[in-house]
Amino acid sequence: MTAKKEISDLLVAAAQQAMAAGDLPSIALPDATVEHPQKSGFGDYASSIALKLSRAAKPRQALDIAKILVSHLPASAIVGQAEVAPPGFINFTLSDNWLKRQVETIVAAGDEFGSVDLGKREKVQVEFVSANPVGPLHVGNGRGAILGSTLANILAKAGQEVTREYYLNDAGSQLDAFFRTLWARYRQALGQEAEIPADGYAGTYMSDLAGEIVASEGDRFLRLPEAEALTALGQLGMARIIDWIKTDLRNIGVEFDVWFSEKSLYANSQFDQAFSLLKERGYVVEREGAVWFASTALGEDKDTVVIRSNGTPTYFASDIAYHYNKFVERGFDRVIDIWGADHQGHVNRMKVVLSALGIDPSRLGILITQLVTLKRGSEVIKISKRTGDIITLREVIEEVGADACRFFFLARSADSQMDFDLALAKEQSQENPVYYVQYAHARIASILRTAAEKGIGYEDGDVDLLSTEPELTLIRKMLEFPELVELAAVNLEPHHLPHYSQELAGIFHSFYKQCRVISEDDQLTKARLKLVHAAKIALANALDLMGMTAPERM
RNA sequence: GCCCCUGUAGCUCAGUGGAUAGAGCGCCGGCCUCCGGAGCCGGGUGCGGGCGUUCGAGUCGCCCCAGGGGUACCA
């Protein structure tokens, strides 16, 4: 349990006791939320519960209520001091003794440090990237990939049973356009006249892909009937693109548990099942030769086509079947979809269709990542798969490195549009927060190596000797880590991690400057070795959640 | 037009209705007899505008202004 939660519980207990004793009227308790005061001097945690209670408990003043609560506060090893401050805050200072002992707790927890218990273990699916296999990943895909993989890590750390999934659009009209483009490029590569379809993919990577295929397969597709050639060649091209995608993802540390085929939804009649259910419930209408989902019946602005007048299902049809599969067939308790800003219009429709299927829409969380504007200096680079050449994710990774790429993408909340200046990212490669954090880890590793070389063991180090301000500040900051994991897991907000890791690294560097670890004082040396070992664990675990490396040397 | 996201320091961005709004970069000064100077210490400027709700608003509501995205029988 985090200190935060424990203090919150103490407050609730105090309020209940005060009411039982008649010192406070029996009223409903507001959330006993506890926060870190912005300014030092107000303790480690502060609660404004008395201010919130004062309205209902009139004519009691908030300050008096705070005093009453403090007087009923149960004894606790965690709290060193609980003070009342106007206009009615209760400020808690952690006990030094308890703080010191947490070093042992952290070292004992090791990789598990930071794990939190949200009270229930749910089966959670995080679906992300899911880019169509029609071209290389761009930086927008990269943002989703990094956000999704980190969020999955965080949820796992918070005790959830997490499945990471990539939805592969291996059917549909965009793939069809990809097939036709590749066919044209293939014929061009073999010296034939061929025109790129108007709705095709103009990027030069398509010519490269066609060239690769000619090199390995020759002209054998020309000897097939055209329809057959188109499909056979297309499948081969798609497989190669998927390989590119997998390679890029691996290079930024993103792995999936499941690659889910859109096509399989039709082969396994998931679509038929979902569709019949919708029909049964009266949400299907036929009009203008097409089949529609009656979204307007559930408050949407317009109905949505599910089956086109030419008989082919739309993307939305697949999405209905896919989410039916997620919730009903596979039984996920919660599903988190991470989509790009261009899918924003689908959010409500998706939630509405879940209601229509009888699935509680609150079980689906949809995160929209806002656009990434790629820049090189002041020059804006337009991202579009369809209008020609693009800066791919691969190029960005090669330029700035996977760790830096992850850190920068993670540091911004998904809601914020962001500028990614390649020139700047490269320039900053030394003065970069990424290295600042990793350097702290490497520095600790170096200290521990030095200690090992000198044969200093610190298992028996006495944490009671840790008493100076820099030491205790470092411990305090480490203890925020589990709280942060909980915050990020509950709010689906990974962007707190980079900020936290920078703060933790900063406090460590400051400690390092002020406190010599390996000194003539054997006992203090051992105690401090234990402390920096704990700090190394905290840094490593934070970096690990972010999918970054924690280098022993730099 | 309607819907969604965003406007916080020169720049890039944090900020769970609370007390004196933060970080990094950039800029200007300091700090290496000592475990890694990719480090430390100091220096300053800001919540787009207005009206509300509240004991208390950067945070919630409404209106306005600005930027971006969506609004297909594309995905």
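Reminder, nothing fancy here: chain letters follow the sequence lines and each chain counts from 1.
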[X] [atom1] - [N] [atom2] separation (whole Å):
{"X": "F407(A)", "N": "A38(B)", "atom1": "CZ", "atom2": "P", "value": "18 Å"}
{"X": "L484(A)", "N": "A14(B)", "atom1": "CG", "atom2": "P", "value": "15 Å"}
{"X": "R528(A)", "N": "C34(B)", "atom1": "CZ", "atom2": "P", "value": "18 Å"}
{"X": "F511(A)", "N": "C35(B)", "atom1": "CZ", "atom2": "P", "value": "15 Å"}
{"X": "I447(A)", "N": "C35(B)", "atom1": "CD1", "atom2": "C1'", "value": "6 Å"}

What nucleic acid atoms does [X] come within less than 4.0 Å of, heavy atoms only: base, sugar-phosphate, or nothing?
{"X": "Y512(A)", "value": "base"}
{"X": "A414(A)", "value": "nothing"}
{"X": "S309(A)", "value": "base"}
{"X": "A290(A)", "value": "base"}
{"X": "K302(A)", "value": "sugar-phosphate"}

For S501(A) and L543(A), what are the C-alpha separation, side-chain angles and deciding distance, and is it a side chain to side chain contact (heavy atoms under 4.5 Å, CB included)?
-> CA-CA 8 Å; S501(A) 66; L543(A) 286 165; 5.6 Å; no
Any [X] side-chain N or O less than 4.0 Å from OP1/OP2 of [N]:
{"X": "S173(A)", "N": "A75(B)", "result": "yes"}
{"X": "S446(A)", "N": "G36(B)", "result": "yes"}
{"X": "S413(A)", "N": "A14(B)", "result": "yes"}
{"X": "K4(A)", "N": "U16(B)", "result": "no"}
{"X": "T369(A)", "N": "C5(B)", "result": "no"}

Write down the atom of [X], the atom of [Y], and the distance for their closest heavy-atom approach.
{"X": "L371(A)", "Y": "A341(A)", "answer": "CD2-CB, 4.0 Å"}
{"X": "L118(A)", "Y": "A489(A)", "answer": "CD1-CB, 4.2 Å"}
{"X": "L151(A)", "Y": "E493(A)", "answer": "CD1-N, 4.5 Å"}
{"X": "A177(A)", "Y": "D199(A)", "answer": "CB-O, 3.5 Å"}

With sequence neighbours left out, what residues match [X] under ring-ring contact (aromatic ring centres under 6.0 Å, His included)?
{"X": "Y322(A)", "value": "Y167(A), F260(A)"}
{"X": "F42(A)", "value": "none"}
{"X": "H496(A)", "value": "none"}
{"X": "F420(A)", "value": "F409(A)"}

In short, salt bridge (Lys or Arg N to Asp or Glu O under 4.0 Å) pairs touching residues 341-352 of chain A with sequence neighbours left out are none
Residues 527-540 of chain A, side-chain donor-acceptor partners within the protein, below 3.5 Å, at least two apart:
from	atom 1	to	atom 2	distance (Å)
R528(A)	NE	E471(A)	OE2	2.6
R528(A)	NH1	R516(A)	O	2.8
R528(A)	NH2	E471(A)	OE2	3.3
K530(A)	NZ	E104(A)	OE1	3.2
K530(A)	NZ	E104(A)	OE2	3.3
K530(A)	NZ	E459(A)	O	3.0
K530(A)	NZ	G461(A)	O	2.9
H533(A)	ND1	Y458(A)	OH	3.2
K536(A)	NZ	E552(A)	OE2	3.1

Rounded distance in Å between the [atom1] positions of [N] and [M]:
{"N": "U33(B)", "M": "G44(B)", "atom1": "P", "value": "29 Å"}
{"N": "G30(B)", "M": "C64(B)", "atom1": "C1'", "value": "49 Å"}
{"N": "C11(B)", "M": "G52(B)", "atom1": "C1'", "value": "34 Å"}
{"N": "G24(B)", "M": "U8(B)", "atom1": "C1'", "value": "15 Å"}

In terms of the angle between their ring planes, are Y266(A) and F271(A) parallel, tilted or perpendicular, with boundaries placed at 30° and 60°?
-> tilted
Aromatic ring pairing H346(A)/W339(A), orientation class (parallel under 30°, perpendicular over 60°, tilted between) = perpendicular
Along nucleotides 19-24 of chain B, 5' to 3', which nucleotides get a B, which get an S, and which get a -, given that the test is a protein heavy-atom distance under 4.0 Å?
-> BBSSSS
Using 4.0 Å as the upper bound for N to carboxylate O, is an ion pair formed by K4(A) and E486(A)?
-> no
Identify whether the distance between the nearest side-chain nitrogen and carboxylate oxygen of K375(A) and D419(A) falls below 4.0 Å.
-> yes
Residues within residues 335-349 of chain A bordering RNA chain B, heavy-atom distance below 4.0 Å = A341(A), D342(A), H343(A), Q344(A), G345(A), H346(A)
Under a 4.0 Å heavy-atom cutoff, the residues of residues 486-497 of chain A touching RNA chain B are H495(A), H496(A)
RNA chain B stem ranges, 3 or more consecutive Watson-Crick or G-U pairs under 3.5 angstrom = B:1-7 with B:65-71, B:10-13 with B:22-25, B:27-31 with B:39-43, B:48-52 with B:60-64
Assign each of S416(A) and N169(A) the nucleotide of RNA chain B bearing its closest heavy atom; nearer the 5' end lies the nucleotide of S416(A)
If you pin D419(A) and S48(A) to their nearest nucleotides in RNA chain B, which one's is more 5'?
-> D419(A)
Glycosidic conformation of C4(B), syn or anti, with 90° from 0 as the boundary?
-> anti
N/O donor to acceptor pairs below 3.5 angstrom from side-chain atoms of residues 502-509 of chain A, sequence neighbours left out:
from	atom 1	to	atom 2	distance (Å)
E503(A)	OE1	K477(A)	NZ	2.7
H509(A)	ND1	R443(A)	NH1	3.0
H509(A)	NE2	Y436(A)	O	3.3

Residue [X], side-chain heavy atoms: nucleotide from [options] that is nearest:
{"X": "R443(A)", "options": "C5(B), C73(B), G39(B)", "value": "G39(B)"}
{"X": "N132(A)", "options": "G37(B), C73(B), A75(B)", "value": "A75(B)"}
{"X": "R412(A)", "options": "G67(B), A72(B), A14(B)", "value": "A14(B)"}

Tell me, do F178(A) and N132(A) make a side-chain contact under 4.5 Å, heavy atoms counted?
-> no
Any chance you could measure L168(A), atom CG, to I245(A), atom CD1, to the nearest 0.5 Å?
-> 7.5 Å
Could you list all N or O pairs between the protein and nucleotides 41-45 of chain B that sit under 3.5 Å apart?
from	atom 1	to	atom 2	distance (Å)
C41(B)	OP1	S510(A)	OG	3.3

